Amino acid sequence: MTADDDLPEDDGGGFDVDDWSRLKAFTGAVATLDDVQAKRAVFALAETDDPRPIPMDLPQPVIWWEADGEQAAVAVQAESHLGPDGEEMEVLGLILPDGGAAVALLEDVDLVDDTDPVWRRLVAEAIDPDAAAD
């Protein structure tokens with residue numbers, strides 16, 4: 001699932017605007033801790049009720065709205081869980097352009113396609129921070 005499975009060792013696990021679709025998605029099941037440790041999944045949630053995969057096309061480019069502003073990412077995992085209060089949480093596992101991983105709520109991202117100019121700019125800036133000054 002993760003960006004570095006079956007890739008050359010020097011890949012680094014990140015992506016750019018042209019090769020994001022090679023990222024492997026974790027679909028069809030709810031991830032376990034073993035899946036995360038084997039780098040097949042980004043996250044595994046425990047102590048939730050009614051966990052289930054969210055049916056969506058993955059990998060999926062997204063713009064993630066986090067505390068520091070907007071960031072480009074690719075969703076590779078999508079699950080729905082009920083919290084202790086019975087509230088549904090739709091959770092995404094994200095791969096960032098630098099190869100890092102993050103977890104976000106579906107409500108905190110915008111689903112885009114790879115032609116979205118903002119997503120493309122954010123990917124370029126994440127790969128080359130000097131590009132932001134241009």
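FYI, side chains are in, hydrogens and waters are out, and symmetry mates aren't considered; it's all heavy atoms of this structure. All residue numbers refer to positions in the sequence shown, counting from 1. Quick caveat: nothing in here was measured; it's all calculated off a predicted structure.
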Problem - Derivation of the side-chain contact (heavy atoms from CB on, under 4.5 Å) call for Val91 and Leu45 - result: CA-CA 10 Å; Val91 186; Leu45 297 181; 4.0 Å; yes
Exercise for the section: Return yes if a side-chain donor-acceptor contact under 3.5 Å exists between Trp20 and Asp114, otherwise no. Expected result: yes
Problem - Verify same cluster id: Val109, Leu58 (apolar side-chain graph, 4.5 Å) - result: yes
Fill in the blank from the handout: Residues passing the side-chain hydrogen bond (donor to acceptor under 3.5 Å, both in side chains) test with Asp108, sequence neighbours excluded, are none
Practice task
Please report the closest heavy-atom contact between Gly100 and Asp98, naming both atoms and the distance.
Solution key: N-OD1, 2.8 Å
Exercise for the section: Could you tell me whether the side chains of Ser80 and Glu88 share a donor-acceptor contact shorter than 3.5 Å? Expected result: yes
Problem - Same cluster (ILVMFWY, side-chain, under 4.5 Å), Val74 and Met56 - result: no
Practice task
Report yes or no: does Asp19 contribute a side-chain atom to a donor-acceptor pair with the main-chain N or O of Asp16 at less than 3.5 Å?
Solution key: yes
Handout entry: Note, Val42 side chain near Leu94 side chain (heavy atom, < 4.5 Å)
Key = no
Exercise for the section: For Glu87 and Leu82, indicate whether the former's side chain and the latter's backbone hold a donor-acceptor pair under 3.5 Å. Expected result: no
Handout entry: Leu96 versus Phe15, closest heavy-atom pair with distance
Key = C-CE2, 3.3 Å
Practice task
List in chain and number order the residues that pass side-chain hydrogen bond (donor to acceptor under 3.5 Å, both in side chains) with Trp64, two or more places apart in sequence or in another chain; answer none if no residue qualifies.
Solution key: none
Problem - Charged N-O contact under 4.0 Å between Glu70 and Arg121 - result: yes
Practice task
Identify the heavy atoms of Trp119 and Ile63 that sit nearest to each other, and give their distance.
Solution key: N-CD1, 4.0 Å
Handout entry: From CA spacing to verdict: side-chain contact (heavy atoms from CB on, under 4.5 Å), Asp110, Trp65
Key = CA-CA 8 Å; Asp110 290 333; Trp65 298 91; 2.7 Å; yes
Practice task
Would you check if Leu105 and Leu92 make a side-chain contact, meaning some heavy-atom pair closer than 4.5 Å?
Solution key: no
Practice task
Check whether any side-chain heavy atom of Leu122 sits under 4.5 Å from a side-chain heavy atom of Arg120, and report yes or no.
Solution key: no
Practice task
Could I get the full list of side-chain hydrogen bond (donor to acceptor under 3.5 Å, both in side chains) partners for Asp116, not counting sequence neighbours?
Solution key: none
Practice task
Nearest 0.5 Å please: distance from the CZ atom of Phe26 over to the NZ atom of Lys39.
Solution key: 16.0 Å
Practice task
For Gln60 and Val112, indicate whether the former's side chain and the latter's backbone hold a donor-acceptor pair under 3.5 Å.
Solution key: yes
Handout entry: Short side-chain to backbone donor-acceptor contact, Glu79 and Ala31, under 3.5 Å
Key = yes
Exercise for the section: Determine the minimum heavy-atom distance between Val62 and Leu111, stating which atoms define it. Expected result: CG1-CD2, 3.6 Å
Exercise for the section: State, to 0.1 Å, how close Leu23 and Pro59 come at their nearest heavy-atom pair, and which atoms those are. Expected result: O-CG, 3.4 Å
Practice task
May I have the step-by-step check of side-chain contact (heavy atoms from CB on, under 4.5 Å) for Leu106 and Met89, ending in yes or no?
Solution key: CA-CA 8 Å; Leu106 182 58; Met89 300 179 296; over 6 Å; no
Exercise for the section: For residues Ile127 and Val123, determine if any side-chain heavy atom of one lies less than 4.5 Å from a side-chain heavy atom of the other. Expected result: yes
Exercise for the section: Look at atom CG of Asp50 and say whether more than 12 heavy atoms of other residues, nucleotides or ligands are closer to it than 6.0 Å. Expected result: yes
Handout entry: Side-chain donor-acceptor contact under 3.5 Å, Asp113 with Thr115
Key = yes
